[in-house]
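Numbering of residues begins at 1 and proceeds along the displayed sequence. Numbering of ligands and ligand atoms starts at 1, following listing order.
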Amino acid sequence: MRVLHAAAELFPWVKVGGLGDVLGALPQAQRSLGIKARLLLPAYPALKKVFPAASVVGEIGDLLGTGSARFLLDRTPEGVPIYLLDAPYLFDRPGSPYEDAGDSEVRFGALSLGAAWLAKHGDSHHWKPEILHCHDWQTGLAPAYLHYWGGVRPATVMTVHNLAYQGLYSREVLSRLALPDEAFQMAGVEFHGLVNFLKGGLQFADRLTTVSPTYAQEIQGVELGCGLDGLLHHRRQDLVGILNGVDGHVWSPSASPHLPTHYSAQHRSGKMVCKNRLQQEFHLVEAAEAPLFAVVSRLATQKGLDLILANVEHLVGLGAQLALLGAGDPALEAGFHAAAHHHRGRVACRIGYDEALAHRILAGADVLMVPSRFEPCGLTQLYALAYGTLPLVRRTGGLADTVVDVNTTSMDEGKATGFVFEEATAEALGQTLDRACAFFTHRAKDWEKVQVTGMKQDFSWRASAKGYLELYQGLVG
Ligand code: ADP
Ligand code: GLC
């Protein structure tokens, strides 16, 4: 079975969030199941640098009036074949892949078109996928191109990693993107008078997936449907939620090169060392008895971090500590800076993006907080489980599917892995902080049990890859 994944991020070279992690791990896991998975990404400078010897395997001609484009082919160190869409005018730019220079619609329209083109025509070695698997709005128009071009086409899958980002542009972009006028209708890519990239995929892909079973249900409702709930509900027979996994080669407390020392479920003493070193690094009081809460996150409304800001005093009052790593919303950045300034030795933050520090925090913290308003899957809570750090999460999306709340029943059954709260309010989070601190201070033995249960959870990419295999088999036999 031949599958082409098209996306805009790839760990470790081009990563903004979890999408990069998924593309960095899923194709490899699929290949170990015998699926011939390949990748297609824009030829960003970072990727051209990593794959300088990639060979030309296709010429697409002029790409949406931005000059001629070609496909390059190489292999990742793990052996996954990777195509780069080499369109220098569009992709040869420094900075984040989503930095908007006013032509994002052309960049990702071109990526979508390139994906559709390669999937339809194949490369010069006659490799052609049976399935084009698109990820998020940046590739959402690919199934639409295939639809409007007509003729023979591969099967298509559209995966929604985050429904809140849809790629909305004015009607005029249609002709710029070489889509026909007829695409501008409800049964096409039109959405409240705008062109919606993601809707192209949701409308025209053969199968739709998202990254957890709960989110697959939630997006069919008004509250989290982002205006697309009607369409998603209509297509519910074609929609499935497949949970993401953890790349154990990257996120392992016994092997990560980023940790001061290693530990495992059987030998956990190293975790105390990691905690102490983290307190040093963040200039927090070096107290083993103070529960250390952490955040590693994009600072965006989605993540509910304002609820944490509203609880900083409360947390400090409980004798706890807070360490945060994140970047994004300037108001949140300023808020956490101010909190750290106010509570020196108790609260500390690093504004920025730092992969290695993310590992040290996940290993050194006692609790990782993910109080999201919505969360398609969420990966950091899975990394926390693997690192023996108890996740404290809101019951939504993938968080609801992956964390079992500490209570009498779950403790008796040996299933508890963290703390879960319901309402997206500062009060509800505050009460859960009380619970977590009391559990940490008064039930040390039980805490260890919960840690070990979490560390033994199996959120492997193999299981996800099997889920996708089943889906693909339903499409191409
Ligand atoms: P999302 O994709 O919505 O941002 P996920 O939990 O799925 O959320 O994935 C986030 C990924 O990005 C994780 O690998 C996490 O460690 C990483 N990450 C987020 N913010 C930072 C940061 N400031 N520094 C380093 N890694 C970060
Ligand atoms: C998105 C979601 C996140 C998910 C990630 C990978 O960024 O916000 O919940 O884990 O994609 O699928």
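- Among Thr396, Val160, Thr210, Asn244, the residue whose heavy atom lies nearest to atom 6 (C) of ligand 2 is Asn244.
- A donor-acceptor contact under 3.5 angstrom links the side chains of His359 and Tyr387, judged on distance only.
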Pairs under 3.5 angstrom, nitrogen or oxygen on both sides, ligand 1 versus protein: list them out, please.
| residue | atom | partner | partner atom | Å |
| --- | --- | --- | --- | --- |
| ligand 1 | 2 (O) | Gly18 | N | 2.6 |
| ligand 1 | 3 (O) | Arg298 | NH2 | 2.8 |
| ligand 1 | 3 (O) | Lys303 | NZ | 2.8 |
| ligand 1 | 4 (O) | Arg298 | NE | 2.7 |
| ligand 1 | 6 (O) | Leu379 | N | 2.8 |
| ligand 1 | 6 (O) | Thr380 | N | 3.3 |
| ligand 1 | 7 (O) | Leu379 | N | 3.3 |
| ligand 1 | 8 (O) | Lys303 | NZ | 3.1 |
| ligand 1 | 9 (O) | Gly18 | N | 3.2 |
| ligand 1 | 14 (O) | Lys15 | NZ | 2.7 |
| ligand 1 | 14 (O) | Asp21 | OD2 | 2.6 |
| ligand 1 | 23 (N) | Gly352 | O | 2.8 |
| ligand 1 | 24 (N) | Asp354 | N | 3.0 |

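- Between Trp447 and Phe439, the ring planes are tilted. Angles from 30° to 60° get that label.
- Interface of Val22 with ligand 2, defined as ligand atoms under 4.0 Å from a residue heavy atom, comprises 6 (C), 12 (O).
- Looking at ligand 2, you won't find any N or O of Val211 less than 3.5 Å from one of its N or O atoms.
- Within ligand 2, the atoms closer than 4.0 Å to a non-hydrogen atom of Asn162 are 8 (O), numbered from 1 in the order shown.
- Of the possible donor and acceptor atoms, none in the side chain of Arg31 sits under 3.5 Å from a partner among the backbone N and O of Gln28.
- The shortest contact between atom 9 (O) of ligand 2 and any protein heavy atom is with Glu375 OE2, 2.5 Å.
- Close approach of ligand 2 to Pro376 (heavy-atom distance below 4.0 Å) involves ligand atoms 2 (C), 8 (O), 9 (O).
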Take Glu422 and Arg394, measure what salt bridge (Lys or Arg N to Asp or Glu O under 4.0 Å) needs, and give me the verdict at the end. CA-CA 6 Å; Glu422 304 281 339; Arg394 217 190 124 231; over 6 Å; no
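- Under a 4.0 angstrom heavy-atom cut-off, Gly378 registers as being in contact with ligand 2.
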Where do Arg93 and Asp103 land on the salt bridge (Lys or Arg N to Asp or Glu O under 4.0 Å) test, with the steps shown first? CA-CA 12 Å; Arg93 302 177 188 177; Asp103 64 349; 2.6 Å; yes
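- Considering Lys303, His161, Glu9 only, the shortest heavy-atom separation from atom 12 (O) of ligand 2 involves His161.
- Checking side-chain atoms of Gln30 against main-chain N and O of Ala465 turns up no donor-acceptor pair under 3.5 Å.
- We find that Asp100 and Arg107 are not joined by a salt bridge, their nearest charged nitrogen and carboxylate oxygen being 4.0 Å or further apart.
- Note: Tyr472 and Tyr468 have tilted aromatic rings, judged against thresholds of 30 and 60 degrees for the angle between ring planes.
- In this structure, the protein non-hydrogen atom closest to atom 8 (O) of ligand 2 is Gln302 NE2, 3.2 Å.
- Partner Phe419 forms a side chain to side chain contact (heavy atoms under 4.5 Å, CB included) with one of Val404, Leu429, Val406 and no other, that one being Val406.
- Of the possible polar contacts, one joining the Asn311 side chain to the Ala426 backbone as a donor-acceptor pair under 3.5 Å is found.
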